[in-house]
Asker: 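Below is the structure I would like to discuss, written out as structure tokens.
The residues of the chain are indexed from 1 along the displayed sequence.
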Amino acid sequence: MAMEDAIAYLRSAGFTLDGQTQVAQVRIPTKDSPVFGRSGGELATFGGRMRFVKAGTRIKATVGKRTTAIYEVQGAGIAGVRGIASFDTCEIEKLRAAVNAL
């Protein structure tokens, strides 16, 4: 429900859908099974966050099940990204405040 609320708010604030991040399933170590490899650790899925862009700007947002991030693309690569805000997706008031401050 939180993800749908965040997406609805971003759309009402002028953001449009801009695809989604890649999904990757990887094996990560855990306390109980700290060894990498075929049987060590546990499988985890990363990515699959919805991407949005505010029309006419370089401001973008990603919304996932757990976290939402707002950032500005100023140049190429990671060095060209300036983070604006990042918080739990369920914190809709923080999303509203961050978008209103743009």
Asker: Do R96's NZ or CZ and the ring of Y9 fall within the cation-pi criteria of under 6.0 Å and 45°?
Answerer: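 Pair R96/Y9 counts as cation-pi.
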
Asker: Could you tell me whether the side chain of T89 and the main chain of M3 form a donor-acceptor pair under 3.5 Å?
Answerer: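 Answer holds: no.
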
Asker: With side chains defined as the heavy atoms from C-beta onward, is the minimum distance between R51 and T21 less than 4.5 Å?
Answerer: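 They are in side-chain contact.
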
Asker: So which heavy atom on A13 is nearest to which on V99, and how close?
Answerer: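 Shortest heavy-atom contact: CB-CG1, 3.7 Å.
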
Asker: Is the backbone of L10 close enough, under 3.5 Å, to the side chain of K54 for a donor and an acceptor to pair up by distance?
Answerer: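 Judged by distance alone, no pair lies under 3.5 Å.
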
Asker: Please name the pair of heavy atoms, one in T57 and one in V53, separated by the smallest distance, quoted to 0.1 Å.
Answerer: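 Of all heavy-atom pairs spanning T57 and V53, the closest is O-CG2, 4.3 Å.
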
Asker: Rounded to the nearest 0.5 Å, what separates atom CD1 in I7 from atom CE in M50?
Answerer: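 Nearest 0.5 Å value for the CD1-CE distance: 5.5 Å.
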
Asker: Are a donor atom and an acceptor atom from the side chains of R49 and T68 found within less than 3.5 Å of each other?
Answerer: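 There is no such pair (donor and acceptor under 3.5 Å, judged by atom type) between the side chains of R49 and T68.
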
Asker: CD1/I59 to CZ/F52 distance, rounded to the nearest 0.5 angstrom?
Answerer: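 Interatomic distance, I59 CD1 to F52 CZ, rounded to 0.5 Å: 15.5 Å.
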
Asker: Where is the tightest heavy-atom contact between Y71 and G83, given as atom of each residue plus distance?
Answerer: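 The answer is CB-CA, 4.1 Å.
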
Asker: Between T45 (side chain) and Q25 (backbone), is there a donor-acceptor pair under 3.5 Å?
Answerer: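 No: the side chain of T45 does not pair with the backbone of Q25.
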
Asker: Looking at A98 and F87, what are the two nearest heavy atoms and their distance?
Answerer: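 Of all heavy-atom pairs spanning A98 and F87, the closest is CB-CE2, 4.3 Å.
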
